[in-house]
Each structure stands twice: as structure tokens, then as C-alpha cells.
Amino acid sequence: MKDYLLNNGVKIPVLGFGTWKAQDGEEAYQAVLAALKAGYRHIDTAAVYKNEESVGRAIKDSGLEREDLFITTKLWNGNHTYEEAQAAFARSMERLGLDYLDLYLIHWPNPKPLREDGAWKKRNAEVWRAMEDLYEAGKIRAIGVSNFLPHHLEALLETARITPAVNQIRLAPGVYQAEAVDFCREHAILLEAWGPFGQGELFQNLAVQAVADKYGKTIAQVALAWSLQEGFLPLPKSVTPSRITSNLDCFDIELDAADMELLKSLPVEAGAPDPDNKDF
């Protein structure tokens with residue numbers, strides 16, 4: 001699998017394996033184990049997914065060398081201070097059973113309790129400073145954010161010593177956050193695409209099925225090819241071994257300009273979430 005080069009020179013596989021909604025225990029464990037066996041080397045989890053322990057167990061049992069893997073987890077909203085962020089990182093590392101992390105992200109930019117008087121700005125500055133210190137101590141290879149829009153990034157960059165390497169946001173055919181995409185590209189921040197298949201609506205869309213038929217591929221494979229051609233890093237999730245393997249068969253697809261535009265402008269019901277109005 002090819003790599004992207006992050007803005008700090010670290011290599012990251014161009015496609016990752018997502019674990020959102022993979023239940024802790026056998027489901028998450030077997031899914032990650034199947035992904036690693038199929039050839040994925042980039043695993044994405046988060047503290048709030050509550051499956052870090054199962055992910056870590058699968059990593060250990062895979063028998064793969066640690067340096068051949070790229071592991072991401074995320075800081076949840078309840079951590080508002082420098083000290084809380086440091087402690088949350090330590091807990092994630094214990095659950096994952098790792099000595100270092102490849103990528104650590106602030107999961108959401110604007111926790112619900114901090115929306116008055118711009119308190120979220122101070123919180124992000126504080127937890128980012130903790131992540132910068134962990135990065136400089138060699139405990140994390142890259143740091144970034146998730147679900148940040150341009151105004152969140154602008155506020156963070158006012159005090160940041162290190163520019164985020166990654167912004168993981170909702171991107172899929174029909175869900176194209178143009179302002180965030182443009183801002184990140186201007187600042188050399190890699191865009192990771194969570195929910196790259198949408199919320200299931202793609203699989204019932206006749207126009208998308210026609211594109212898939214044209215290339216002799218599945219809808220999932222075409223959706224991943226679209227993300228890759230946009231320069232995004234998609235994070236497909238599945239707990240079905242056959243689909244986990246099938247999703248990797250997307251690298252030989254070259255969508256033409258008309259199909260890229262059709263997928264980009266696809267009308268879908270479930271758009272990108274508004275992080276300033278989430279109920280957490």
C-alpha cells in the first residue's frame with residue numbers, strides 16, 4: 001500500500017481501517033485481526049469508541065512488527081485541560097498496549113459545556129499544548145484534529161507551535177466540505193475521510209451503482225477510489241471479513257472527470273455534522 005507524507009515528514013498509509021461502532025470484545029478484535037491479515041496497516045480508533053483494548057489485543061496477536069503499523073486514537077470531549085489530556089493519552093496507551101502512538105487527534109472542536117464565551121478555544125489550546133509536549137517527547141509521531149472547521153483551526157493556530165498534520169472529517173460522495181477541504185489543503189493538513197461510504201444511502205443509489213457497473217467494481221470500492229483521487233485518506237469500516245478484504249480492491253480504479261464530479265455533487269440526505277451544535 002502506498003503512503004501519504006504528512007507535513008512533519010511521517011509516512012501514513014493512504015487507506016485506513018475504521019473501528020467506529022465495532023463493539024468491544026470479539027467483534028472489534030476479530031475485525032481488526034481480519035483487517036491486518038487482509039493487508040491493512042493503518043488502524044483508526046478512539047477513546048469514545050470504547051474498543052481500544054480489543055484493538056490493542058488484535059494488534060498484539062497479529063504477529064506484525066510494530067514499526068510496520070500506523071495506529072490512531074483520539075482525545076474525547078470530557079478532557080478540557082493540559083493535565084486531563086495527558087492523563088487521557090496515558091489511559092489510551094494502556095488500553096492499546098502500545099509504547100508509542102502514530103497519530104493522536106482532538107476528536108471534536110467544541111464540547112457542549114464550553115460553548116459560551118469561546119471557552120472551547122482555551123480548551124483546544126490547552127489540550128493541543130499537551131499533545132505538542134507528548135509529540136516532542138517522542139510518545140506520538142504526529143498530532144492532528146478531527147471534525148474541525150476553518151474557524152476552529154484558525155483559533156487553534158493562534159497559539160499552536162505545531163500545525164496539525166491531519167484533520168479527520170466527514171467526507172464521502174455527496175458530502176464534500178469545500179471550505180474545510182480548501183483550508184486544509186492551503187495549510188498542508190491531510191484530510192482523512194470518516195464515513196467514506198456515507199450513511200448507507202450510497203448503496204441504494206442507482207447513479208452510483210451505474211458508475212460501479214461501468215468500472216466492474218462495487219459501490220464501496222468506487223467510493224474509496226473517489227476519496228483517494230481527491231487526495232483524501234478514507235477510513236472504511238466493516239466487521240465482515242469478505243467486505244474488509246474486498247474494500248482493498250480499489251487501488252486500480254481511475255474514475256474519469258465526469259464520474260468524479262457526479263460523485264462529488266451527489267444529492268444525499270445525511271450531510272456533514274455541525275460540530276458547533278452536537279449534543280456532546
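All values derive from a computational prediction rather than experimental measurement.
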Exceeds 12 heavy-atom contacts within 6.0 angstrom, atom [atom1] of [X]:
{"X": "Lys121", "atom1": "NZ", "answer": "no"}
{"X": "Asp99", "atom1": "CG", "answer": "no"}
{"X": "Arg66", "atom1": "CZ", "answer": "yes"}
{"X": "Glu94", "atom1": "CD", "answer": "no"}
{"X": "Gln204", "atom1": "CD", "answer": "yes"}
{"X": "Glu254", "atom1": "CD", "answer": "no"}
{"X": "Lys214", "atom1": "NZ", "answer": "yes"}

Decide whether [X] and [Y] are clustered together by the hydrophobic rule: side chain heavy atoms of Ile, Leu, Val, Met, Phe, Trp, Tyr closer than 4.5 Å, transitively.
{"X": "Met131", "Y": "Met93", "value": "yes"}
{"X": "Tyr104", "Y": "Tyr100", "value": "no"}
{"X": "Trp194", "Y": "Tyr4", "value": "no"}
{"X": "Leu191", "Y": "Trp108", "value": "no"}
{"X": "Leu233", "Y": "Phe251", "value": "yes"}

Taking the side chain from [X] and the backbone from [Y], do they hold a donor-acceptor pair closer than 3.5 Å?
{"X": "Tyr40", "Y": "Ile244", "value": "yes"}
{"X": "Gln229", "Y": "Trp226", "value": "no"}
{"X": "Ser227", "Y": "Leu224", "value": "no"}
{"X": "Ser54", "Y": "Asp24", "value": "no"}

>> Please determine whether side-chain contact (heavy atoms from CB on, under 4.5 Å) holds for the pair Leu149 and Glu179, giving the CA-CA distance in whole Å, both sets of side-chain angles, and the decisive distance to 0.1 Å.
In response: CA-CA 8 Å; Leu149 300 178; Glu179 290 184 4; over 6 Å; no
Does any non-hydrogen side-chain atom of [Y] lie less than 4.5 Å from one of [X]?
{"X": "Leu153", "Y": "Pro164", "value": "yes"}
{"X": "Leu5", "Y": "Val10", "value": "no"}
{"X": "Gln168", "Y": "Asp44", "value": "yes"}
{"X": "Leu134", "Y": "Leu101", "value": "no"}
{"X": "Cys250", "Y": "Lys217", "value": "no"}
{"X": "Leu190", "Y": "Phe232", "value": "no"}
{"X": "Ile12", "Y": "His42", "value": "yes"}
{"X": "Val208", "Y": "Phe203", "value": "no"}

Between [X] and [Y], a side-chain donor and acceptor under 3.5 Å:
{"X": "Tyr29", "Y": "Asp61", "result": "yes"}
{"X": "Asn205", "Y": "Glu201", "result": "no"}
{"X": "Asn51", "Y": "Thr45", "result": "yes"}
{"X": "Lys74", "Y": "Tyr49", "result": "yes"}
{"X": "Gln86", "Y": "Asp133", "result": "no"}
{"X": "His152", "Y": "Asn147", "result": "no"}

- Message: Asp68 vs Arg41, test: salt bridge (charged side-chain N to carboxylate O under 4.0 Å, His left out). Steps then yes/no.
- Response: CA-CA 7 Å; Asp68 294 332; Arg41 293 296 179 264; over 6 Å; no
- Taking the six-membered ring of Tyr176, is NZ or CZ of Lys264 closer than 6.0 Å to its centre and within 45° of its axis? yes
Practice problem: Decide side-chain contact (heavy atoms from CB on, under 4.5 Å) for Leu105 and Val145; before the verdict, give the C-alpha distance in whole Å, the side-chain angles of both, and the deciding distance to 0.1 Å. | Solution: CA-CA 5 Å; Leu105 307 178; Val145 297; 5.8 Å; no
Going from [atom1] on [X] to [atom2] on [Y], what distance comes out if it is rounded to the nearest 0.5 angstrom?
{"X": "Tyr135", "Y": "Ile162", "atom1": "OH", "atom2": "CD1", "answer": "5.5 Å"}
{"X": "Arg123", "Y": "Trp120", "atom1": "CZ", "atom2": "CH2", "answer": "11.0 Å"}
{"X": "Ile143", "Y": "Leu103", "atom1": "CD1", "atom2": "CG", "answer": "9.0 Å"}

Check step by step if salt bridge (charged side-chain N to carboxylate O under 4.0 Å, His left out) holds for Arg115 and Asp276.
-> CA-CA 8 Å; Arg115 289 182 186 158; Asp276 294 322; 5.8 Å; no
Begin with the C-alpha distance, continue with both residues' side-chain angles, and end with the deciding distance and a verdict on side-chain contact (heavy atoms from CB on, under 4.5 Å) for Val55 and Lys60.
CA-CA 9 Å; Val55 170; Lys60 180 181 178 182; over 6 Å; no
Check step by step if side-chain contact (heavy atoms from CB on, under 4.5 Å) holds for Arg57 and Leu96. CA-CA 7 Å; Arg57 190 160 55 94; Leu96 287 164; over 6 Å; no
**Request:** Take Arg95 and Glu53, measure what salt bridge (charged side-chain N to carboxylate O under 4.0 Å, His left out) needs, and give me the verdict at the end.
**Result:** CA-CA 5 Å; Arg95 288 189 291 265; Glu53 189 172 341; over 6 Å; no
Item to complete: Identify whether the distance between the nearest side-chain nitrogen and carboxylate oxygen of Asp102 and Arg141 falls below 4.0 Å.
Response: yes
* Asked: Between Trp76 and Phe280, does the ring centre distance come in under 6.0 Å?
  -> yes
Set out, in order, the CA-CA distance, both residues' side-chain angles and the distance that settles salt bridge (charged side-chain N to carboxylate O under 4.0 Å, His left out) for Glu230 and Arg185, then state yes or no.
CA-CA 11 Å; Glu230 285 285 353; Arg185 285 174 173 167; 3.4 Å; yes
